[in-house]
Amino acid sequence: MQRIVTNLFGAWFQIGRQFPASALDAIAKTVAAGEGTHRGELRVVIESRLPVSAVASGVTARHRAAMLFSHLRVWDTEDNSGVLLYVLLAEHRIEIVADRGISRVVAPAEWDAITAHMRDEFANGHYREAVRTGVAEAGALLTRHFPSDGKPRENQLPDRPLVL
């Protein structure tokens, strides 16, 4: 029980320490810069831990990411181009969920490479850098597979990370 309490407290503490407002602003700027080069919409969610009710129900990080993808309406973009980058600190998990428009052109292995780079950064204690790396690499991937058509676009999802 002590390990669980320590792990949960540690995750909560990491959110505030590693992701202050300035870090969230920097991540938002990276999201916005990337969205200027592609037709995708990227949403970042950083969660300290799963809700107790989710843990009791057997919810996994992947399932939680899919739930948030739906709840936050990441799927509801004009080109079916939403991508959720989900970080669950307590379990050291990173999940990327892409809408069907993106999934048609981006292979799962390409998303896996991004999560691997992020895990490496997290393992070295570089939390902010890990998220910015993930955002930048996802943006580059979307630029390659889903490039901008040069037309001005409405920002359909918030650029600032959601912290839960």
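Here the structure is a predicted model, which is why all the values come from computation and not from measurement.
Side-chain N or O atoms of Ser70 include none that pairs as donor or acceptor with a backbone N or O of Ala66 at under 3.5 Å. In terms of modelled atom types and a separation under 3.5 Å, the side chain of Ser103 and the main chain of Ala98 share a donor-acceptor contact. In terms of modelled atom types and a separation under 3.5 Å, the side chain of Arg128 and the main chain of Phe19 share no donor-acceptor contact. Remark: side-chain polar atoms of Ser81 are paired, donor with acceptor, to backbone N or O of Arg39 under 3.5 angstrom. Listed for the Arg119 side chain is no donor-acceptor partner under 3.5 Å among the backbone atoms of Arg93.
Rounded to the nearest 0.5 angstrom, Arg49 CZ and Leu88 CG are separated by 10.5 Å. The distance from atom CZ of Arg100 to atom CG of Asp79, rounded to the nearest 0.5 Å, is 11.0 Å. Interatomic distance, CZ of Arg43 versus CD of Gln156, reported as 13.0 Å (0.5 Å rounding). Taking CG of Asp112 as the start and CD1 of Ile94 as the end, the distance is 11.0 Å to the nearest 0.5 Å.
Using a 4.5 Å cut-off on side-chain heavy atoms (C-beta onward), Arg153 and Glu78 make no contact. A 4.5 Å side-chain heavy-atom check between Asn124 and Glu129 finds every atom pair outside the cut-off. Counting only heavy atoms from C-beta outward, the side chains of Leu42 and Glu35 approach each other to under 4.5 Å. Looking only at side-chain heavy atoms (C-beta outward), Val131 and Phe122 come within less than 4.5 Å of each other. The shortest distance between side-chain heavy atoms of His126 and Thr133 does not fall below 4.5 Å. In this structure, Tyr127 and Val87 have side chains that are not in contact, with every pair of non-hydrogen atoms separated by 4.5 Å or more.
Taking the side-chain hydrogen bond (donor to acceptor under 3.5 Å, both in side chains) definition, one finds that Asp159 meets it with Asn155, sequence neighbours left out. Among residues two or more places apart in sequence or in another chain, the side-chain contact (heavy atoms from CB on, under 4.5 Å) test is passed with Asp76 by Arg73. For Arg64, the side-chain contact (heavy atoms from CB on, under 4.5 Å) criterion is met by Glu47, Leu50, Pro51, Val59, Met67, Leu68, Tyr86, Leu164, not counting sequence neighbours.
When every heavy atom of Pro161 is checked against every heavy atom of Ile27, the shortest pair comes out as CG-CG2, 3.4 Å. Of all heavy-atom pairs spanning Trp75 and Asp99, the tightest one is O-OD2, 2.8 Å. Summarising the geometry of Ala61 relative to Glu91, their closest heavy-atom pair is CB-OE1, 4.3 Å, with the distance given to 0.1 Å. Here the closest non-hydrogen pair linking Ala65 and Val97 is CB-CG2, 3.8 Å. Scanning all heavy atoms of the two residues, the minimum distance from Gly82 to Thr77 falls at N-OG1, 3.4 Å.
Exactly one residue among Val106, Thr115, Ile102 makes a side-chain contact (heavy atoms from CB on, under 4.5 Å) with Ile96. That residue is Thr115. In summary, of the residues considered (Leu84, Val74, Val31, Val83), a side-chain contact (heavy atoms from CB on, under 4.5 Å) with Leu157 occurs for Val74 alone.
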Practice task
List the steps and the verdict of side-chain contact (heavy atoms from CB on, under 4.5 Å) for Leu85 and Met118.
Solution key: CA-CA 11 Å; Leu85 193 154; Met118 290 178 70; 3.6 Å; yes

